[in-house]
Amino acid sequence: MRKERLSEFCVTTPIYYINGDPHVGHAYASIAADIIARFKRLDGFRVHFSTGTDEHGIKVARSAEKSGMDVHTYSDIISRKFKDMSRAVNLSEHDFIRTTEERHIRSAQALWKMIEKDIYKSSYSGWYSARDEEYVPENEVVDGKAPSGAPVEWMEEESFFFRLSSYQDKLLELYEKNPDFIAPVARRNEVISFVKSGLKDLSISRSKFNWGIPIPGADGHVMYVWIDALANYITSLGFPDKDVTSMMSQCVHIVGKEILRFHAVYWPAFLISAGLELPRRIFAHGWWTSEGQKMSKSIGNVVDPYDVIKNFGLDQLRYFLFREVRFGEDGDFSKENMKNRISYDLANDLGNLVQRVLAFIQKIGGNLETNYDLNEAEKRVFEKSKNLIVQMRNLIDKQDLCGALETIWNLVSESNKFVNDMKPWELVKTDTNRLNAVLTVLCESIRSIAFGIAPFLPDTAKKIFDFMDIEGKSFEEIEIRFTNQTFEAPIPLFPKD
Ligand code: MSP
């Protein structure tokens, strides 16, 4: 039998600078991309999901110098920490790319060759912010600082330039024709006004230091770290050896708001110049503060994902990050709010529903018959369960991760209310038919909920799948109705201490 080709989907995280240890801000983009990747896989797509580390540039070279290590050893050590973080937060990535890998150097150089017609040599002098890895226009420098607050330094060097100025109209046309190319809308508007205000040619090489990818045929020049970094997305898809067109056309780049311009302006310009396919969407998320303040090493309030996982649990962290704040907006990481979310949403609402229903079925010996008609109240919950994934599909395709969780929790609340109203503990004495109908509807709802939460809370979903003896590999399983099912006695999903 010929196997139908699966539809393709691609999602990426930014690749992380290795100038410090991973923190919750890094985990955030990674978990977001993971949720989307897991949802798409369960929905039958062939998914490419990449993450990794951005290892070249002045900032990393200086951090290595400060650490006293040679830059290669330093890169290996810090990159490893990011790889470990991927495991710690349960990412399901296919590829962890490092920009120091041979395959990437080849890819970035091949990209350079393809855009060479838009490159010319000149010299640059201006203010450079090493922390942001970008030149800052003179009129934006205030008191020796970039708009981001990072210090700037004067640089003068021979440099290659990319004719970004000649892409202004093409980019505006791209945004116009593809209103969903940049999300959320407010960010899209910011990018459009930035491009409308006029684009200057971009310095894309450095000759004052050598921690970068050598430019083909230009001794003494290395690539500007951003052109190197952006190329990671196509390297990961197999460029230049493979045709990356179809995966690229389905690709969603998840990025933080402060690096949107690189992704929504420079990256498409490079791709258009190279004649390569553009991604489907760039989604910019907001920033987390910690207990009301900007996260900063000097304040000592940087949220360490390992601490949170140790104290609260991994699925708890994954839930909190995407329920507490609408994806795209800024948020505050507060332990108090996290405790409340865990106690109310996870333990009281979800945990309780699963516990009370499955324990009850187990207590009465299972074996639910399914030959009955559903009454109105039962039909309502049943239909809502059936529709959960359909509704989520729409929300996940818009990266509305908070909306997807709200939709699931809506069903959780309605199911809990349904248990309270139907009182199965009384029906068991009075009406077995109704009891079967009520419990079957509740099983359907818990099963849909388990599939719905699976991309967000994979460990919790797995526990529910195990209680119910479901494989949990694809949303298609939701179509199978229960018959004569018995269950394991569930252990509490979110035990209270
Ligand atoms: N190396 C570049 C990205 C290149 S992608 C081709 C870079 N690296 S970074 O390590 O500085 O930042 C990586 C991501 O972490 C960014 O998207 C940034 O928004 C995110 N975050 C860093 N701190 C954050 C918070 N406090 N909150 C949320 N995300 C934040 O930029």
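Position 1 is the first residue of the sequence; numbering continues from there. Ligands are counted one by one from 1 in listed order, and the atoms in each one are counted from 1 as well.
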query = Side-chain contact, heavy-atom cut-off 4.5 Å: Phe181 with Val191?
reply =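 Phe181 vs Val191: side chains apart.
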
query = Among Phe320, Phe327, Phe333, whose ring-ring contact (aromatic ring centres under 6.0 Å, His included) with Tyr28 holds?
reply =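 The ring-ring contact (aromatic ring centres under 6.0 Å, His included) with Tyr28 is passed solely by Phe327 among Phe320, Phe327, Phe333.
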
Donor on one side chain, acceptor on other, Tyr16 and Asp54, under 3.5 Å =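 Side chains of Tyr16 and Asp54: no pair found under 3.5 Å.
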
query = Going by distance alone, is a donor N or O of one side chain under 3.5 Å from an acceptor N or O of the other, for Glu133 and Tyr128?
reply =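 Yes, Tyr128 and Glu133 have a side-chain donor paired with an acceptor closer than 3.5 Å.
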
ask   = Is the gap between the ring centers of His72 and Trp211 under 6.0 Å?
value =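 Yes, the ring centres sit under 6.0 Å apart.
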
Could you give the N/O to N/O pairs under 3.5 Å linking ligand 1 and the protein, each with its distance?
| residue | atom | partner | partner atom | Å |
| --- | --- | --- | --- | --- |
| ligand 1 | 1 (N) | Ile15 | O | 2.8 |
| ligand 1 | 1 (N) | Asp54 | OD2 | 2.7 |
| ligand 1 | 10 (O) | Tyr17 | N | 3.1 |
| ligand 1 | 17 (O) | Gly256 | N | 2.9 |
| ligand 1 | 19 (O) | Glu258 | OE1 | 2.9 |
| ligand 1 | 19 (O) | Glu258 | OE2 | 3.1 |
| ligand 1 | 19 (O) | Trp287 | NE1 | 3.2 |
| ligand 1 | 26 (N) | Trp288 | O | 3.1 |
| ligand 1 | 27 (N) | Trp288 | N | 2.9 |
| ligand 1 | 29 (N) | Gly25 | O | 3.4 |

inquiry  = Over 60° means perpendicular and under 30° means parallel, so tell me whether Phe262 and Tyr266 are parallel, tilted or perpendicular.
reply    =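 Perpendicular, since the angle between the ring planes exceeds 60°.
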
